[in-house]
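Read the structure below first, then the notes.
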Amino acid sequence: STGEIKSAYRRLARKMHPDVNASSPKASADFAAVARAYEVLSNPDERAFFDRQLAKANDSIHTTGSVFDTGNYHAQKLRQMAIEQRYNK
């Protein structure tokens, strides 16, 4: 629910805020990721899009059995790297 999302965001924001974790070099990146997730989940349109993309990715993985067959950006990069590595050999 919206209230649960907001509550979880506030809890994580307090825990991961860069001012609280000044000694951690990745604190600001973690905090930025939490803030972006909250932006997506708190906006009904963006959340619906995210849910559709997640369902689509899950369907692809379960249908083919491989993450390499998805449209995921990182999987595509990994595929491309594997192809280039084979070509270079």
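If you read the sequence from its start, that first residue is 1, and numbering goes on from there.
Applying the salt bridge (charged side-chain N to carboxylate O under 4.0 Å, His left out) test to residues at least two apart or on different chains, the pairs with a partner in residues 16-39 are Lys26-Asp30, Arg36-Glu39, Arg36-Glu46.
In this view, Gln53 satisfies the side-chain hydrogen bond (donor to acceptor under 3.5 Å, both in side chains) rule with no residue, not counting sequence neighbours. Not counting sequence neighbours, the partners of Gln80 by the side-chain hydrogen bond (donor to acceptor under 3.5 Å, both in side chains) test are Glu84.
In terms of heavy atoms, Met16 sits closest to Val34 at SD-CG2, 3.4 Å. The minimum heavy-atom distance linking Ala35 with Tyr9 is given by the pair CA-CE1, 3.9 Å. Shortest non-hydrogen contact noted between Pro18 and Ser28 is CG-CA, 3.7 Å. In this structure, Arg47 and Leu41 approach most closely via the heavy-atom pair CD-O, 3.5 Å.
Annotation: the span from Asn88 atom CG to Ile83 atom CD1 amounts to 12.0 Å, rounded to 0.5 Å. Taken from OH in Tyr38 to CG in Leu12, the straight-line distance is 12.5 Å, to the nearest 0.5 Å.
Residue Val40 is grouped with residue Leu54 when hydrophobic side chains (ILVMFWY) are merged at heavy-atom distances under 4.5 angstrom, including chains of intermediate members.
A donor-acceptor contact shorter than 3.5 Å is absent between the side chain of Ser7 and the backbone of Gly3.
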